[in-house]
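Remarks on the structure that follows.
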Protein chains: 2
Amino acid sequence: MAKEVKLTRNQQVVMAALTDAGQPLSAYQILDLEVVRDNGLKAPLTIYRALEKLMALGQVHRIESLNAFVACDHEPHAEPAAFMICQDCRCTIEFSTTSLSRSIARHAGQHGFQMAGMHLEVSGHCEACASAH
Amino acid sequence: MAKEVKLTRNQQVVMAALTDAGQPLSAYQILDLEVVRDNGLKAPLTIYRALEKLMALGQVHRIESLNAFVACDHEPHAEPAAFMICQDCRCTIEFSTTSLSRSIARHAGQHGFQMAGMHLEVSGHCEACASAH
DNA sequence: AATGAAAGTGTTATGATATAACGGTAAGTT
DNA sequence: AACTTACCGTTATATCATAACACTTTCATT
Ligand SMILES: [Zn+2]
Ligand SMILES: [Zn+2]
Ligand SMILES: [Zn+2]
Ligand SMILES: [Zn+2]
């Protein structure tokens, strides 16, 4: 959100769908939403192209371990995002990695590796699911 | 390696293929190897079943961002593995996360999240590729 | 306003990754 | 032997993602 770049209609539709869902959706799950189909998006590629742009803008992140996409719930961030993913309810919590990514970059440097980006996905149980046994 | 569980023939073949490759391979890349086909493995599911077992044993890890699998090059580890992945030559470096995963678990706990595991994949440039401009 | 470059789109087809369902086999336990 | 568990082969199918092509929209420059 909050980035002032004019999105095309397709991009707006996909962005709205993800924001509205409040959880990760696969490209095909997005495609199957009524609100998406009713707006004329009916081919996978249409969805993927919108997602590609939205990810480039940082408004959407890809969750590798789910092959899914989620709306960013932070302001545009320079630091890479990271996620906690509940194995029970599939909810995700985005958290930022200001100090963490610095420490990882340093660690990588010790192996002669020049860090450009990272994906961190923590799996486990969210507060609600953990307390429900 | 180094874990004394008796592997089946299929599992041995897949494990050997990955160890020999020394880099991540997709299930279908494994399937296409002569040494694999010559041993009678000829269906994707055969590969996936062997991989599933090898991952459960911790002898193989999945690289989410590549949809690929790689032989573990550490002794069996309790801490989750993490990887640096070169964007140029696709080589991977496994590193362990003893202190890091503790710090991440603590961070997760502050969000009420109970960490069970994690995937950390750092992208960038390995020493060889970085020095070659 | 005309021109031209860059980005976006629709459509069709295809490629790449992963699992379901079934019945059968091998090996260990009692 | 009877039972259990893991494993296997085969076929079909589900799921995720991109290639190729022709066309349109957008917008800065002239
Ligand atoms: Zn974000
Ligand atoms: Zn949950
Ligand atoms: Zn390992
Ligand atoms: Zn490299």
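Note that this is a predicted model, so its numbers are computed, not measured. Here is how names work: the chains are called A, B, and so on, in the same order as the sequence lines, proteins then strands, and each is numbered from 1.
Taking only side-chain nitrogens and oxygens, A:Thr8 never comes nearer than 4.0 Å to OP1 or OP2 of C:dG8. Contact annotation: B:Thr46 does not reach the phosphate of D:dC8 (side-chain N/O to OP1 or OP2, under 4.0 Å). One finds a side-chain N or O of A:Lys53 lying less than 4.0 angstrom from the OP1 or OP2 phosphate oxygen of C:dG8. An OP1 or OP2 oxygen of D:dT10 is reached within less than 4.0 angstrom by no side-chain nitrogen or oxygen of B:Arg49. Between A:Lys6 and D:dC27 there is a side-chain polar atom (N or O) within less than 4.0 angstrom of OP1 or OP2. Listed pair A:Tyr28 / D:dT15 fails the phosphate criterion, with no side-chain N or O lying under 4.0 Å from OP1 or OP2. A sub-4.0 Å separation between OP1 or OP2 of D:dA17 and a side-chain N or O of B:Asn67 is absent. Distances shorter than 4.0 Å separate some side-chain N or O of B:Lys42 from OP1 or OP2 on D:dT10.
As rounded to whole Å, 13 Å separates atom C1' of D:dC16 from atom CD1 of A:Ile47. Here the C1' atom of nucleotide D:dA17 and the CD atom of A:Gln29 are 15 Å apart, to the nearest Å. One can place CG of A:Leu51 at 12 Å from P of C:dT9, the figure rounded to the nearest angstrom. Between the CD atom of B:Gln11 and the P atom of D:dA6 there is a distance of 12 Å, rounded to whole Å. What separates CG of B:Leu45 from P of D:dT15 is a distance of 16 Å, to the nearest Å. What separates CG of B:Leu25 from P of C:dA18 is a distance of 13 Å, to the nearest Å. Distance, A:Arg9 CZ to D:dT26 C1': 17 Å, rounded to whole Å. Atom pair B:Leu54:CG and D:dC7:C1' shows a separation of 13 Å (rounding to whole Å applied).
B:Thr97 contributes no side-chain N or O that, together with a main-chain N or O of B:Leu100, makes up a donor-acceptor pair within less than 3.5 Å. A side-chain donor-acceptor contact under 3.5 Å links A:Gln12 to the backbone of A:Leu7.
How far SG of A:Cys91 is from CD1 of A:Ile85: 9.5 Å, rounded to the nearest 0.5 Å.
Each of B:Asn10 and A:Phe69 lies near DNA chain D, and the nucleotide nearest B:Asn10 is the one positioned closer to the 5' end.
Using modelled atom types, one finds a donor on one side chain and an acceptor on the other under 3.5 Å when comparing A:Glu94 with A:His61.
Within 6.0 Å of CD on A:Glu127 lie no more than 12 heavy atoms contributed by other residues, nucleotides or ligands.
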